[in-house]
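Heads up, the thing below is written out as C-alpha cells.
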Amino acid sequence: MNKLARRLAWIAVGAAAGAACYHLTKKKRPQEASSPSLLHSGTRTIETERLILRRFKTEDAPAVYNNWAHDPDVTKYLTWEPHVSPEATAEVLEDWEGRYENGSYYNWAIVLKKLGEPIGSISVVEQNDDLKKAHVGYCIGKSWWHQGIMSEAFSAVIRYLFSEGYQRIDSRHDPRNPHSGHVMEKCGLKYEGTLRSYDWNNQGYCDACFYSILASEYQKGR
C-alpha cells in the first residue's frame, strides 16, 4: 500500500469511528424518553364552585363584547386591541369554534354560574409538546376584577393541564399590571425573573415578568 492509499485508509477509519461515537453520545429527544405523551384531549368543560369553563360559541359574541372585549381598560396590557363591534367579536369566536376539533387547542370561556354568560377567557397561547410545557394567558371583565374569579379559573386549568401530561405551566405579565402577577402567585406559580423589552402590548414595548409551576411541585403541594 502506497503512502496516499494508507492516508486515505486512516481517514476512512477515523470517519467511521467519529460516526460511531456520534450515535453513542447523541442526546435523546424528549419524546424518546420513557414518559408518556401528552393526551391532548382539547378544551373540555371544567366546573368549579362559581364557574363553568367551556368552549366559546359564536352566539356568545354579545356577552363577550359587552363584558370585556370592547373595554380598553381590560386590553391595556394585552396584545390585541379592543373590538369595535359585536360583529367583530363574532368573527373571532367563529374562528375559535373551528379550532376546537384540534386536541391540542385549549381555549375556555369563563362563565359565571349566577350570570350564565362568559365574563372572561383563559387559554394556552403557546406550547411545546417535546418539552411538555404550556404558556397560559387570560383576561376578565372589569366588573369582576379582585374577586378571586381568575385565580379560581386558572387553578382549575392548571389541574387539567397537568392531568393532560404537561410538566411545566407558565405565564407572564407586564410589570405595570401587578395584579396579574398576584393571580399567578395565588395559583402556586413561582416568580422566575423579568425579561427587559421582551414583549409588545397595547402600551408598546414592555418588560415581561415570568412565573411557572412544575408538575412535581404541584403534586407535592396537593
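This one's a predicted model, so the numbers in the text were calculated from it and none came from an experiment.
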_Checking H83 against T89 for the side chain to side chain donor-acceptor pair (under 3.5 Å) test, could you report, in this order, the C-alpha distance in whole Å, the side-chain angles of both residues, the deciding distance, and whether it holds?_
CA-CA 6 Å; H83 293 185; T89 302; 2.7 Å; yes

Is [X] salt-bridged to [Y], going by a charged N under 4.0 Å from an acidic O?
X: R168; Y: E192; value: yes
X: R172; Y: D170; value: no
X: E126; Y: K133; value: no
X: E185; Y: K190; value: no
X: D71; Y: K76; value: no

*asked:* Can you tell me how far apart CD (E117) and CD1 (I52) are? Round to the nearest 0.5 Å.
replied: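 Separation between the atoms: 14.5 Å.
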
*What distance do D174 atom CG and W200 atom CH2 have between them, rounded to the nearest 0.5 Å?*
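One finds 12.5 Å between CG of D174 and CH2 of W200.
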
*If you look at every heavy atom in P118 and A63, which pair is closest and at what distance?*
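Shortest heavy-atom contact: CD-CB, 4.1 Å.
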
*Might you work through the side chain to side chain contact (heavy atoms under 4.5 Å, CB included) test for L51 and K113, ending with a clear yes or no?*
CA-CA 5 Å; L51 309 171; K113 288 180 181 179; 5.7 Å; no

_Option from H135, H173, H182 for which ring-ring contact (aromatic ring centres under 6.0 Å, His included) with Y211 holds_ =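 Single ring-ring contact (aromatic ring centres under 6.0 Å, His included) partner of Y211 among H135, H173, H182: H173.
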
*For the residue pair Y65 and H70, categorise the inter-ring angle as parallel (less than 30°), tilted (30 to 60°) or perpendicular (more than 60°).*
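Tilted, since the angle between the ring planes falls between 30° and 60°.
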
*What orientation do Y106 and Y166 show, parallel under 30°, tilted 30 to 60°, or perpendicular over 60°?*
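Answer is perpendicular, since the angle exceeds 60°.
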
*Residues E164, S41; criterion side chain to side chain donor-acceptor pair (under 3.5 Å); working and verdict*: CA-CA 7 Å; E164 288 282 276; S41 304; 2.8 Å; yes

*Dump the intermediate steps for side chain to side chain donor-acceptor pair (under 3.5 Å) on Y105 and N107, then the final yes or no.*
CA-CA 6 Å; Y105 185 64; N107 182 17; 2.9 Å; yes

*Got a donor-acceptor contact below 3.5 angstrom from the E91 side chain to the A88 backbone?*
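No, because the side chain of E91 does not come within donor-acceptor range (under 3.5 Å) of the backbone of A88.
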
Tell me, yes or no, whether the heavy-atom count around [X] atom [atom1], taken from other residues, nucleotides or ligands under 6.0 Å, exceeds 12.
X: E59; atom1: CD; value: yes
X: R176; atom1: CZ; value: yes
X: Q219; atom1: CD; value: yes
X: K186; atom1: NZ; value: no

*Step-by-step side chain to side chain donor-acceptor pair (under 3.5 Å) determination, T48 to E152*: CA-CA 7 Å; T48 70; E152 186 174 329; 2.6 Å; yes

_Cluster overlap Y218 with L214, hydrophobic side-chain contacts below 4.5 Å_ =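 In one cluster: no.
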
*State which residue, out of I213, V136, V183, fulfils the side-chain contact (heavy atoms from CB on, under 4.5 Å) condition with L189.*
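That would be I213; it is the only one of I213, V136, V183 passing the side-chain contact (heavy atoms from CB on, under 4.5 Å) with L189.
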
*Can I110 and M150 be said to form a side chain to side chain contact (heavy atoms under 4.5 Å, CB included), step by step?*
CA-CA 9 Å; I110 302 172; M150 187 54 74; 3.6 Å; yes

*asked:* Between F210 and Y191 (judged by ring centroids, cut-off 6.0 Å), do the two rings come close enough to count as a pair?
replied: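 Ring centroids of F210 and Y191 are no less than 6.0 Å from each other.
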
_Taking the six-membered ring for Trp, are F154 and W108 closer than 6.0 Å centroid to centroid?_
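Not close enough - the centres of the two rings lie 6.0 Å or further apart.
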
*asked:* Between E97 and R55, is the salt bridge (Lys or Arg N to Asp or Glu O under 4.0 Å) condition met? List the steps.
replied: CA-CA 8 Å; E97 275 196 292; R55 296 181 176 188; over 6 Å; no

